[in-house]
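See below for the structure under consideration.
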Amino acid sequence: MSTDSEYKPHSHIPYGSDGSGFYSDNSKGCYDVIEEALPLVLKAASTTATPKDSTFTIVDYGCADGGTSMPLMYALVKLLRENDEKMPIHIVYEDQPVNDFKSVFMRLQGLIPGPRSYIMDFKNVFVTASGTSFFSQCLPANSVTLGFSATAMHWLHDKPCDITGALDHTMISDPKEKELFARQAAIDWETILLHRAAELRPGCSMVLVLLAVDDEGQYAGNTKDTPVSVHHQMRDLWQGLVDDGTITKDEFLKTNFNLYFRTMAECRNPFDDENSAVRKAGLEIVSMKTGIVPCPYRQKWLKERGDPHEFAKWYIPTLRTWSNSTFRSGLSDDRTDKEKDAIVEEFFRRYEADVVTDPSRHGVNFVHCYMVIKKRSDL
């Protein structure tokens with residue numbers, strides 16, 4: 001996918017060509033994660049009082065190509081229509097400027113196969129996109145009726161430092177590096193919440209589904225019932241390219257996932273302090289819980305088995321949706337684009353070859369914190 005080379009994304013550049021719908025077509029687990037959030041979203045919508053003649057504005061923060069949230073948005077629009085036949089509904093899809101917004105609109109217009117689009121079945125529903133990052137205010141103050149985000153706000157605005165001997169914060173051994181990542185995550189979390197507080201109407205809510213660390217220390221890609229940790233596997237395979245001279249030690253050092261999985265305590269921190277800016281902005285936690293969604297790829301293999309080569313070719317793309325650009329960005333600018341593509345392709349070829357040996361060992365169970373947050377009505 002072509003992008004402006006001068007633009008530095010906060011997290012990652014989408015993998016796959018514009019308008020292909022690659023992300024949602026290869027992110028089956030994300031559908032299941034969002035399905036778990038559906039009751040929370042519908043309850044929030046049904047308990048929100050809207051002024052007469054107002055527009056019900058919904059925002060999907062970090063929407064990717066829009067496919068994984070389409071069943072939720074359909075159910076939400078259906079509920080709102082049952083309660084009010086005439087109220088205008090405005091859905092805003094927000095993401096980075098390099099996002100695959102083309103696929104968002106092609107999905108909504110039925111030009112990419114997938115879940116049924118709500119604009120096909122309901123009238124007076126309007127859709128727009130915001131290419132302003134959620135690290136900034138994306139919409140006018142007091143304009144959002146219901147906010148939603150799934151598997152997006154773990155990405156950090158800035159990379160705190162290079163990581164020694166690992167690719168992401170979950171395997172940091174240096175206390176200083178660990179502290180830098182935790183500090184950046186805390187800063188970003190407050191920033192995100194304050195901008196959402198500005199956008200939300202008083203008395204309105206948002207449902208945030210955040211990749212997290214649960215009370216047993218489990219996190220996405222590293223849970224007790226799956227033998228292979230995705231994070232360790234990626235580190236070891238990337239190190240293998242150093243060992244055979246394909247990439248340099250410095251390139252390994254520069255390859256870092258700019259993300260952070262918060263603990264429940266870290267998610268709560270801005271709300272527990274009565275003097276925090278988040279509390280002063282009027283945000284309060286309605287409910288929060290952690291939940292694990294099993295990897296649908298591994299579940300299907302365990303149930304049906306089949307050809308391990310076909311499974312590996314089916315499974316690996318779901319990892320590339322969120323990791324491809326990180327591996328590519330770690331490579332030296334002295335390399336040509338063709339060289340970089342070839343190296344990353346070899347990395348995933350090796351990953352695929354390892355999966356083939358025993359698919360039952362591989363999978364990404366999702367560990368999320370499901371938060372319902374409300375803005376006080378007395379503001």
Side-chain angles (χ1 to χ4, degrees), residues 12 15 23 25-33 151 154-155 163-173 178 181 211-244 246-247 252 255-263 290-328 330 343-368:
H12 63 291
Y15 179 70
Y23 176 83
D25 287 346
N26 293 279
S27 299
K28 296 185 180 298
C30 291
Y31 284 94
D32 299 337
V33 168
T151 319
H154 58 288
W155 295 107
I163 301 173
T164 305
L167 304 182
D168 66 66
H169 82 97
T170 63
M171 290 182 287
I172 291 177
S173 57
K178 188 182 292 288
F181 265 83
L211 283 173
V213 180
D214 70 9
D215 291 339
E216 296 184 69
Q218 300 179 106
Y219 50 89
N222 188 32
T223 51
K224 294 178 180 179
D225 71 343
T226 304
V228 172
S229 162
V230 169
H231 309 275
H232 291 78
Q233 178 77 351
M234 286 184 167
R235 178 200 62 189
D236 294 346
L237 290 172
W238 200 237
Q239 178 62 47
L241 293 178
V242 176
D243 296 341
D244 66 16
T246 303
I247 65 173
F252 181 97
T255 305
N256 301 141
F257 286 96
N258 192 25
L259 54 76
Y260 190 89
F261 302 151
R262 298 175 180 89
T263 63
T290 54
I292 297 179
V293 172
C295 176
Y297 299 89
R298 183 168 186 259
Q299 293 295 106
K300 183 177 176 64
W301 172 262
L302 293 177
K303 182 179 180 180
E304 302 176 9
R305 302 287 171 168
D307 183 343
H309 293 275
E310 290 183 5
F311 172 83
K313 289 185 180 297
W314 182 51
Y315 171 68
I316 291 299
T318 196
L319 305 181
R320 296 192 79 161
T321 60
W322 54 269
S323 68
N324 194 88
S325 66
T326 292
F327 288 106
R328 200 177 186 282
I343 290 170
V344 176
E345 202 64 41
E346 173 61 14
F347 168 80
F348 283 106
R349 187 200 67 76
R350 295 185 186 189
Y351 204 136
E352 184 177 310
D354 192 72
V355 172
V356 167
T357 61
D358 187 355
S360 67
R361 300 177 68 247
H362 295 268
V364 180
N365 292 345
F366 283 110
V367 182
H368 282 85

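Side chains are part of it too, since the values below use all heavy atoms of this structure and drop only hydrogens, waters and symmetry mates.
Ile343 places a side-chain heavy atom less than 4.5 Å from the side chain of Leu241. Taking the side chain as every heavy atom from C-beta outward, Met234 and Tyr351 approach each other to under 4.5 Å. Thr246 places none of its side-chain heavy atoms less than 4.5 Å from the side chain of Phe347. Using a 4.5 Å cut-off on side-chain heavy atoms (C-beta onward), Asn324 and Phe348 make contact. Looking at Arg305 and Ser360, their side chains come closer than 4.5 Å, going by heavy atoms from C-beta outward. Within the 4.5 Å cutoff, the side chain of Met171 has no heavy atoms near those of the Ile163 side chain. Taking the side chain as every heavy atom from C-beta outward, Tyr219 and Leu211 never approach each other to under 4.5 Å. Side-chain contact check for Thr290 versus Gln218: every heavy-atom pair is 4.5 Å or farther apart.
Using bins of under 30°, 30° to 60° and over 60° for the plane-to-plane angle, the ring pair His154/Phe261 lands in the tilted bin. The aromatic rings of Trp301 and Phe311 sit tilted, their planes meeting at an angle between 30° and 60°. Ring-plane geometry between His231 and Trp322 is classed as tilted, the angle between the planes lying from 30 to 60 degrees on a 0 to 90 degree scale.
Salt bridge Glu346/Arg349: present, at least one basic N to carboxylate O contact under 4.0 Å.
Checked against side-chain hydrogen bond (donor to acceptor under 3.5 Å, both in side chains), Ser229 has the following partners two or more places apart in sequence or in another chain: His232. For His368, the ring-ring contact (aromatic ring centres under 6.0 Å, His included) partners at least two apart in sequence or on another chain are Phe366.
Annotation for Asp215: atom CG does not count as buried by contact number, only 12 or fewer foreign heavy atoms lying within 6.0 Å.
Taking each heavy atom of Ile316 and Val355 in turn, the nearest pair found is CD1-CG2, 4.1 Å.
Ring centers of Phe327 and Phe252: at least 6.0 Å apart, outside the cut-off.
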Name every donor-acceptor pair, under 3.5 Å, that has one atom in a side chain of residues 25-32 and the other anywhere in the protein, sequence neighbours excluded.
| from | atom 1 | to | atom 2 | distance (Å) |
| --- | --- | --- | --- | --- |
| Asp25 | OD1 | Arg107 | NH2 | 3.1 |
| Asn26 | ND2 | Phe22 | O | 2.9 |
| Ser27 | OG | Tyr23 | O | 2.6 |

